[in-house]
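For reference, the structure is listed below as structure tokens.
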Amino acid sequence: MADKVRFFNTMARKVQEFESINPDKVGLYTCGPTVYNYAHIGNFRAYTFEDILCRTLRLAGYEVKQVMNLTDVDDKTIRDSQKENLPLKEFTARYIKAFFEDLAKLRIHPAAVYPAATEHIAEMIELIGKLFEKGYAYCAEDKSVYFAIDKFPAYGKLANIDRENQRAGVRIKTDEYAKDSVADFALWKAWDEKDGDVVWDSPWGKGRPGWHIECSAMAMKYLGATFDIHTGGIDNMFPHHEDEIAQSEGANECKYVNYWLHCAHLMVNGEKMSKSLGNFFTLRDLEAQGRSGREIRYVLMGTHYRKKLNFTFDALDQAREALRKFDDCFVRLSAAGGDGSADSAAQETAAKAIEAFKSAMFDDLNTAEASAAIYSLLHEANKLLAAEGLSGQGAGYLLDAFRTFDKVWACLDVDAALQADNSIPSEIEAMAAARVEARKNKNWAESDRLRDEIKSLGYVVEDVPGGGYRLKKL
Ligand code: AMP
Ligand code: ZN
């Protein structure tokens with residue numbers, strides 16, 4: 001049986017114990033990227049949060065089916081493909097490829113399915129047909145199809161919209177709008193010249209789907225009419241998620257989603273990082289400045305997902321420094337060769353740290369507190385190493401605890417650190433081994449000569465308890 005976990009459910013506006021529909025299984029839908037450009041690291045805060053969620057559920061013992069859509073047709077994809085004179089598919093393929101590359105660099109575990117909107121037009125048409133049957137959809141003078149929000153009394157329950165102020169009969173064709181312009185929204189947009197050759201037939205004439213219907217149709221197809229968790233950045237809550245609820249619950253006459261989780265924004269100098277403000281960095285921008293996906297992920301992990309996170313280069317510097325300390329500790333642990341007098345303390349410390357880590361993560365993904373548990377183990381491990389009583393087995397308990405953390409953190413990279421440390425040229429290894437022999441024979445002059453020679457070749461040799469050695473690049 002899976003462990004108990006709790007989440008802040010935006011719908012309930014409080015932390016609730018999570019109960020899955022099917023025992024130990026979770027259906028999760030996450031709104032994916034609109035593929036008209038490279039995603040920026042603000043977008044990746046949302047995808048990283050969703051990755052943390054999946055990984056935490058798996059750590060708790062759930063089997064997770066994550067579905068993330070690709071919005072490959074909307075106002076922006078059409079506009080920018082035309083600017084470049086490229087067919088829509090060819091244009092979006094470039095950014096879909098880049099998106100997957102970036103996900104891998106940020107160690108974001110792939111979803112089970114990445115349905116593309118343009119490959120699910122039939123499902124969307126079918127869903128709109130159902131909404132017609134049930135009296136929620138209507139065709140307007142502009143030939144587009146709209147959802148009549150006054151027919152759906154629960155409209156506004158997610159975003160807490162004041163229904164008194166809803167303006168009857170007002171329609172909005174654009175996909176994104178603010179709460180004060182709440183209105184009937186487009187399900188199917190009638191073709192106009194601006195759409196060029198991006199067009200599909202439907203019972204209501206030629207056109208293309210609205211953004212919101214994409215997610216309702218694809219979520220239903222892959223996860224069923226009611227599923228466990230739906231996520232996105234906080235800006236997706238309105239109108240996008242509100243509209244999804246109206247469409248799905250209107251058509252299926254059952255609850256759409258049991259738990260809604262939204263992450264706060266990544267900020268730059270007090271403003272949301274966004275394409276429209278121009279204050280964004282893509283992963284590629286940061287890589288060009290010598291930053292790595294590992295460091296960026298480490299920064300994104302440290303702040304609780306419901307808190308705004310201010311992006312700074314200082315934070316990236318600190319991440320580099322922190323990760324270096326972890327690497328160093330892992331390498332030293334792997335070389336431990338003490339008498340084992342500290343092993344039981346290490347085992348106990350590791351078990352306690354894992355417990356603290358899990359209880360923080362299972363409590364609404366409290367990465368800030370989990371991060372404290374990780375740091376505290378680093379501190380303890382360094383103390384135990386300094387006392388020189390750790391054997392390989394004792395050190396192994398500690399290394400395994402860091403490996404457990406990394407099931408969620410995915411950037412501590414215990415084994416990569418050990419491998420990098422092992423990639424020392426064989427002649428250097430041979431000299432270090434010869435130096436150990438020299439020391440055994442109390443040939444201090446030879447030992448010093450070998451140390452200097454190793455140093456002149458760019459490595460430093462350190463003695464470790466128990467007569468072993470450790471090599472590091474200078
Ligand atoms: P979009 O491509 O604009 O639909 O955004 C994709 C995802 O990124 C959505 O879940 C947004 O809510 C999220 N998002 C956009 N900007 C930010 C930001 N600055 N911080 C966190 N999430 C964001
Ligand atoms: Zn969506």
Side-chain angles (χ1 to χ4, degrees), residues 10 28-53 66-77 80 92 95-96 98-99 102-103 106 108 111 113-117 120 124 127 158-159 174-177 185 209-223 227 229-248 256-257 260-283 296 299-300 303-312:
T10 309
L28 166 67
Y29 189 88
T30 59
C31 290
T34 305
V35 281
Y36 72 110
N37 209 324
Y38 298 106
H40 57 68
I41 56 162
N43 302 131
F44 282 115
R45 181 179 195 201
Y47 307 130
T48 306
F49 141 65
E50 286 147 357
D51 183 57
I52 297 168
L53 171 62
Q66 184 192 8
V67 178
M68 181 187 278
N69 67 296
L70 302 169
T71 298
D72 61 347
V73 55
D74 81 323
D75 302 344
K76 292 178 281 196
T77 43
D80 290 358
T92 55
Y95 296 109
I96 291 173
F99 179 65
D102 290 358
L103 287 182
L106 289 167
I108 294 175
V113 202
Y114 289 100
H120 295 78
M124 295 172 208
L127 181 55
L158 179 67
T174 51
D175 286 324
E176 287 167 83
Y177 47 91
F185 57 90
W211 173 36
H212 317 300
I213 200 76
E214 295 181 6
C215 283
S216 281
M218 296 193 279
M220 197 189 304
K221 171 163 181 180
Y222 293 99
L223 295 169
F227 57 91
I229 309 180
H230 194 315
T231 59
I234 192 72
D235 56 316
N236 277 167
M237 179 175 69
F238 187 85
H240 186 51
H241 292 161
E242 195 69 61
D243 293 352
E244 279 187 46
I245 294 173
Q247 297 164 149
S248 298
Y256 179 41
V257 167
W260 288 91
L261 271 65
H262 292 100
C263 76
H265 284 140
L266 185 69
M267 314 290 287
V268 186
N269 298 325
E271 283 186 305
K272 174 191 170 191
M273 180 179 286
S274 71
K275 286 195 183 118
S276 52
L277 290 173
N279 60 353
F280 65 91
F281 296 96
T282 64
L283 181 56
I296 296 163
V299 169
L300 295 176
T303 302
H304 188 249
Y305 75 97
R306 286 192 289 116
K307 287 216 168 84
K308 286 179 184 166
L309 166 57
N310 200 39
F311 171 77
T312 63

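We count ligands from 1, going down the list as the structure has it; atoms in each ligand are counted the same way.
Using cut-offs of 30° and 60° for the angle between ring planes, the F44 and Y47 rings count as perpendicular. Relative ring orientation between F185 and H212 is described as perpendicular, the plane-to-plane angle rising above 60° on a 0-90° scale split at 30° and 60°. Taking the six-membered ring for Trp and thresholds of 30 and 60 degrees, H230 and Y29 have ring planes inclined between 30 and 60 degrees apart. Ring geometry for F311 against F281 counts as tilted: the plane angle lies between 30° and 60°, on a 0 to 90° scale.
At least one donor-acceptor pair closer than 3.5 Å links the side chain of T10 to the backbone N or O of W260. In this structure, the side chain of E242 engages the main chain of A159 through a donor-acceptor pair within 3.5 Å. Of the possible polar contacts, none joining the H265 side chain to the M267 backbone as a donor-acceptor pair under 3.5 Å is found. Between the side chain of R45 and the backbone N or O of A264, at least one donor-acceptor pair lies under 3.5 Å. Proximity of a side-chain donor or acceptor of D102 to a complementary backbone N or O of F99 within less than 3.5 Å is not detected. A distance-only check finds no donor-acceptor pair linking the side chain of N69 to the backbone of P115 [under 3.5 Å]. Judged purely by atom type and a 3.5 angstrom limit, N37 has no side-chain atom pairing as donor or acceptor with the backbone of Y95.
Considering backbone and side-chain atoms together, G233 places an N or O closer than 3.5 Å to an N or O of ligand 1. Inclusion of K76 in the set of residues having an N or O under 3.5 Å from an N or O of ligand 1 is not warranted. Looking at R45 next to ligand 1, no N or O pair under 3.5 Å apart turns up. Between M273 and ligand 1, a contact under 3.5 Å exists for at least one N or O pair.
Residue, atom and distance of the protein heavy atom nearest to atom 12 (O) of ligand 1 are D235 OD1, 2.4 Å. At the shortest separation from atom 16 (N) of ligand 1 among protein heavy atoms lies K272 CE, 3.5 Å. Looking only at protein heavy atoms, the nearest one to atom 9 (C) of ligand 1 is N236 OD1, 3.3 Å. Of the protein's non-hydrogen atoms, G42 O, 3.0 Å is the one closest to atom 21 (C) of ligand 1. Counting protein heavy atoms only, atom 3 (O) of ligand 1 is closest to N43 ND2, 4.2 Å. Atom 20 (N) of ligand 1 has its closest protein heavy atom at L266 N, 2.8 Å. With respect to atom 6 (C) of ligand 1, the closest heavy atom belonging to the protein is Y47 OH, 3.1 Å.
Under a 4.0 angstrom heavy-atom cut-off, F44 registers as lying outside contact with ligand 1. Residue contact annotation: H262 has no non-hydrogen atom under 4.0 Å from ligand 1.
Looking at H240 and the Zn ion (ligand 2) together, the shortest N, O or S contact belongs to NE2.
You'll find the side chain of T34 reaches within 4.5 Å of the side chain of T77, heavy atoms only.
Those atoms of ligand 1 that come under 4.0 Å of a heavy atom in A264, given as number and element, are 21 (C). Ligand 1 places these atoms under 4.0 Å from at least one heavy atom of H40: 16 (N). Taking every non-hydrogen atom of T34 and a distance limit under 4.0 Å, the qualifying atoms of ligand 1 come out as 2 (O), 4 (O).
Checking H212 against the Zn ion (ligand 2), every N/O/S atom stays at or beyond the 2.8 Å cut-off. With a cut-off of 2.8 Å, the Zn ion (ligand 2) has an N, O or S atom of C215 in range.
In this comparison of H265, E50, H240, the heavy atom closest to atom 18 (C) of ligand 1 sits on H265.
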